[in-house]
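Computed from a prediction, not measured in an experiment: that's the story for all the values here. So that the names make sense, note that chain A is the first sequence line, chain B the second, and so on, each numbered from 1. Note: hydrogens, waters and symmetry copies are ignored here, and every other heavy atom, side chains too, is used.
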There are 2 protein chains.
Amino acid sequence: MKEGPDIALLGAMIGDPARANMLIALMSGKALTATEMASEAGITVQTASSHLSKLESAGLLQQRKQGRHRYFTLADDDVAEVLESLMGLAARRGLMRTRTGPKDPALRHARVCYNHLAGDLGVQLFHSLRQRDLLVGSETDFALTDAGRAFLDDMGIDVSALERERRPVCKSCLDWSERRTHMAGALGTAMLERFMDLGWARRVPKSRVISFSPKGQKAFEEHFPTIN
Amino acid sequence: MKEGPDIALLGAMIGDPARANMLIALMSGKALTATEMASEAGITVQTASSHLSKLESAGLLQQRKQGRHRYFTLADDDVAEVLESLMGLAARRGLMRTRTGPKDPALRHARVCYNHLAGDLGVQLFHSLRQRDLLVGSETDFALTDAGRAFLDDMGIDVSALERERRPVCKSCLDWSERRTHMAGALGTAMLERFMDLGWARRVPKSRVISFSPKGQKAFEEHFPTIN
DNA sequence: TGGGTGCTTCGGTTATCATCGAACCATGAA
DNA sequence: TTCATGGTTCGATGATAACCGAAGCACCCA
């Protein structure tokens, strides 16, 4: 018949509303149990279990057993990236799940995208580094300069440790609300963690929102200024 | 209930095998008719029509009427990009379709379409001019820039003379074999004539084939380069 | 004006699959 | 062992939607 990758299978996985809700819930980067995801998607555990096994055999999910629980996460950054790009297209087409509620501005300002910072501040972070030549290269393929490494070192981020991990350090991700690139990869994860360690920001429970304290916001602006 | 873009709808669109086949067929950048896509997907034209209207109302497709035909293309580059990223993920997950049959003969290189150049080279001509901003506007409605006029003047084509004719100077046409836009109108005619005057090409008798000499082919490539 | 073609609409059939109740399995605690 | 909890498997049901035949519409050409 035809050659090439089979996107229909992936589409079908994402196409079911219950499964889509679960995947989006996992975009928070947190590992969730079957029961949590069931309530997230508004279905029973039996149904959720069936969906989870399908998603797993399609290679979209990973599960980790821990005691009596089974924790599910997205399989890898690739999956998160594809979901993000789908959300971008849907947003631009005006395909929204519901009326944009009060949480929406907060989501656009700062939220977690799988494991890194997204939204307004995520975009600002990335472009600030580029404008000051702490990053070189294109928006999709870039690297740290020596000045960039020094800057991150000052912030308390051990870049050489990141480089010893298996994941790519420098990776970008397209933001669905801003429609611009923000920082992903091991570096993106490390920076978000560092912000929270420094007390600049914390996660709002049961949501993707990242809440910056006034002090944290100020510190962020100082560290990542943008021209214009 | 939930906030954020609705990826389930997009997923469902892509999730049906017939629709996925159609979308992948359109990834060639070519415009296809409903009948062609039906046979491509192995379904009847009625069913294809239903799918096409769904895809269109989801904002994934655009249609363009020309004569008795309706040519469908992907809505924009965004859609192609998302499909590409899905194909990437599917490929990495080992989700493949099966092999394709043999392709059509090589009449597609260069031929005459009424009075202008069509086929591979015709498409290249048009897109080369657009890529270098010698033409501005959409694929269906465009005009020459000043740089474009100068460029044509250098080639020995008198644009102002063309403008005194009654026919529209700038017109595009959908290519029979490539299914992408190529140059038509008075300008298309004039350019083909000029190529033959310059000795780059000649008509093969009793056929629509335009035969480029080695030298002519080289000159053509130099005058109308394309990225990709 | 009539005939041919490309495409859409309508109706009815069929098949897939999401869903949940109930039973079953596994782990941990008492 | 027994009980409790988290999760999967099984079976039946119901809703959705893909599918095609037939009819209708739009456009082109002679």
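In this model, no side-chain donor or acceptor of A/Q46 finds a partner on the base of D/dG7 within 3.5 Å.
The distance from atom CD of A/E56 to atom C1' of D/dT8 is 12 Å, rounded to the nearest whole Å. The distance from atom NZ of B/K65 to atom C1' of C/dG6 is 12 Å, rounded to the nearest whole Å. Taking atom CD1 of residue B/I14 and atom P of nucleotide D/dA17, one finds them 16 Å apart after rounding to whole Å. Remark: C1' of D/dC27 and OH of B/Y71 are 14 Å apart, rounded to the nearest angstrom. Rounded to an integer number of Å, the gap from CG of B/L61 to C1' of C/dC7 is 15 Å. Rounded to whole Å, atom P of C/dG6 lies 16 Å from atom CG of B/L52. The nearest whole Å value for the distance from the CD1 atom in A/I43 to the P atom in C/dG21 is 13 Å. Spacing between atom CD of B/Q63 and atom P of D/dA26 amounts to 14 Å, rounded to whole angstrom units.
Electrostatic pairing of A/E36 and A/K30 does not count as a salt bridge here, judged by no charged N lying under 4.0 Å from a carboxylate O. No salt bridge links A/R92 with B/D76; every basic N to acidic carboxylate O contact stays at or beyond 4.0 Å. Between A/K171 and A/D78 there is a salt bridge, since a side-chain N of the basic residue sits under 4.0 Å from a carboxylate O of the acidic one.
Between D/dC19 and B/H51, a contact under 4.0 Å exists linking OP1 or OP2 to a side-chain N or O. The side chain of B/K54 contributes an N or O atom lying less than 4.0 Å from OP1 or OP2 of D/dA18. Residue B/R19 has a polar side-chain atom (N or O) positioned under 4.0 Å from OP1 or OP2 of D/dA18. At D/dC19, none of the side-chain N or O atoms of B/T47 fall inside 4.0 Å of OP1 or OP2 (strictly under the cut-off).
For B/E56 and B/Q63, the side-chain atoms include at least one donor-acceptor pair closer than 3.5 Å. Using a 3.5 Å distance cut-off with no hydrogens or angles, the side chains of A/S28 and A/R111 do not pair a donor with an acceptor. Residues A/T47 and A/S50 bring no donor and acceptor atom of their side chains to less than 3.5 Å of each other.
Nucleic acid contact class of B/A18 (heavy atoms, under 4.0 Å, all strands): sugar-phosphate only.
Partner B/L144 forms a side-chain contact (heavy atoms from CB on, under 4.5 Å) with one of B/V136, B/L152, B/L129 and no other, that one being B/L152.
Taking the side chain of A/T44 as heavy atoms from C-beta on, and the options D/dC19, D/dT9, C/dG21, the nearest nucleotide is C/dG21. Closest to the side chain of A/V45, out of D/dT8, C/dT9, D/dC19, is D/dT8. Proximity note for B/D16 (side chain, C-beta onward) versus D/dT9, D/dC19, C/dT8: the nearest is D/dC19. With distances taken from any side-chain atom of A/R70 to the nucleotides D/dG7, D/dC19, D/dC27, the minimum falls on D/dG7.
DNA chain C lies under 4.0 Å from no heavy atom of any residue of residues 27-37 of chain A.
The backbone N or O of B/L134 sits less than 3.5 Å from a side-chain atom of B/T145, completing a donor-acceptor pair.
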